[in-house]
Amino acid sequence: MEVNIDLQIATDEPLESYPSLEKMTLWAKTALITGGRTKDSELTIRMVDSAEIHELNKTYRHVDRPTNILSFPFEMPEGIEELPIIGDLVICKEVLERECKEQNKTLEEHFCHLIVHGCLHLIGYDHIEECDAKVMEPLEIETLAKLGFKNPYETQ
């Protein structure tokens with residue numbers, strides 16, 4: 001299984017302030033495999049500032065504030081053969097940095113968790129209903145353990 005990421009940096013931050021493309025690819029691939037996907041996959045990861053993610057959150061989720069990540073699963077148009085595209089993740093490092101301080105996490109472990117979390121959303125997992133969260137969260141925990149990170153849901 002191959003995973004290709006189109007990485008877009010739409011901030012003034014230098015590329016070096018983000019995890020490497022190799023790390024993000026490993027995190028995404030591990031999440032997708034743990035979530036049961038075996039086919040080649042393509043996704044976009046777009047790094048944005050708080051103003052852009054605020055606007056996207058307001059437009060698509062009707063929540064008037066910035067958020068850490070938004071997932072946009074790809075919807076295959078009718079009549080098109082299956083493509084490897086699974087969707088887009090939009091991440092705001094500014095929000096992640098604030099959350100890291102609040103949650104006593106490193107930026108790398110938080111980035112990893114959110115990419116894992118977002119990739120699971122892209123392949124159909126959700127956590128809105130408690131019964132769905134009971135399926136998705138263990139997959140996140142398992143994926144993060146495989147990658148050497150602790151359970152993000154344990155209280156500090």
List in chain and number order the residues that pass side-chain contact (heavy atoms from CB on, under 4.5 Å) with [X], two or more places apart in sequence or in another chain; answer none if no residue qualifies.
X	answer
Arg98	Val95, Glu102
Phe74	Met76, Pro77, Leu83, Ile85
Asp132	Glu129
Glu16	Pro14

Heavy-atom closest contact (Gly118 atom, Ile69 atom, distance): CA-CD1, 4.1 Å
Tightest non-hydrogen contact, residues Leu89 and Ile115, listed as CD1-O, 4.1 Å
With sequence neighbours excluded, tell me which residues meet salt bridge (Lys or Arg N to Asp or Glu O under 4.0 Å) with [X].
X	result
Lys101	none
Glu81	none
Arg46	Glu52

How long is the straight-line distance from [atom2] of [Y] back to [atom1] of [X], given to the nearest 0.5 Å?
X	Y	atom1	atom2	answer
Lys134	Leu139	NZ	CG	15.0 Å
Ile91	Thr11	CD1	OG1	12.0 Å
Ile9	Leu7	CD1	CG	4.0 Å
Cys119	Leu43	SG	CG	5.0 Å
Ile141	Lys150	CD1	NZ	13.0 Å

Parallel, tilted or perpendicular: which describes the rings of [X] and [Y], with under 30° parallel and over 60° perpendicular?
X	Y	answer
His113	His110	tilted
Tyr60	Phe72	perpendicular
His121	His127	tilted

Given the rule in the side-chain hydrogen bond (donor to acceptor under 3.5 Å, both in side chains) test, do Tyr125 and Glu140 qualify, once you have shown the distances and angles that lead to the verdict? CA-CA 11 Å; Tyr125 291 93; Glu140 292 175 71; over 6 Å; no
Checking Arg65 now: which residues fulfil side-chain hydrogen bond (donor to acceptor under 3.5 Å, both in side chains) with it, not counting sequence neighbours? none
Sorted by chain and number, sequence neighbours left out, side-chain hydrogen bond (donor to acceptor under 3.5 Å, both in side chains) with Ser17 holds for Glu13
Heavy-atom side-chain proximity of Cys92 to Pro66 below 4.5 angstrom: no
Report the residues that fulfil ring-ring contact (aromatic ring centres under 6.0 Å, His included) with Phe149, sequence neighbours left out, ordered by chain and then residue number. none
Do any N or O atoms from the side chain of Glu42 and from the backbone of Pro84 form a donor-acceptor pair under 3.5 angstrom? no
Main-chain N/O of Asp64 paired with Arg61 side-chain donor or acceptor, under 3.5 Å: no
Applying side chain to side chain donor-acceptor pair (under 3.5 Å), which residue pairs with at least one partner in residues 68-79 are found, sequence neighbours left out? Asn68-Glu99
Taking atom types as modelled, find out whether Asn57 and Glu55 have a side-chain donor-acceptor pair closer than 3.5 angstrom. no
Side-chain atoms of residues 22-36: list all donor-acceptor pairs with protein atoms under 3.5 Å, sequence neighbours left out, distances to 0.1 Å.
| unit_1 | atom_1 | unit_2 | atom_2 | d |
| --- | --- | --- | --- | --- |
| Lys23 | NZ | Glu108 | OE2 | 2.3 |
| Thr25 | OG1 | Leu21 | O | 2.7 |
| Lys29 | NZ | Met1 | O | 2.9 |
| Thr30 | OG1 | Leu26 | O | 2.8 |
| Thr34 | OG1 | Thr30 | O | 2.8 |
| Thr34 | OG1 | Thr143 | OG1 | 3.4 |
| Thr34 | OG1 | Lys146 | NZ | 3.0 |

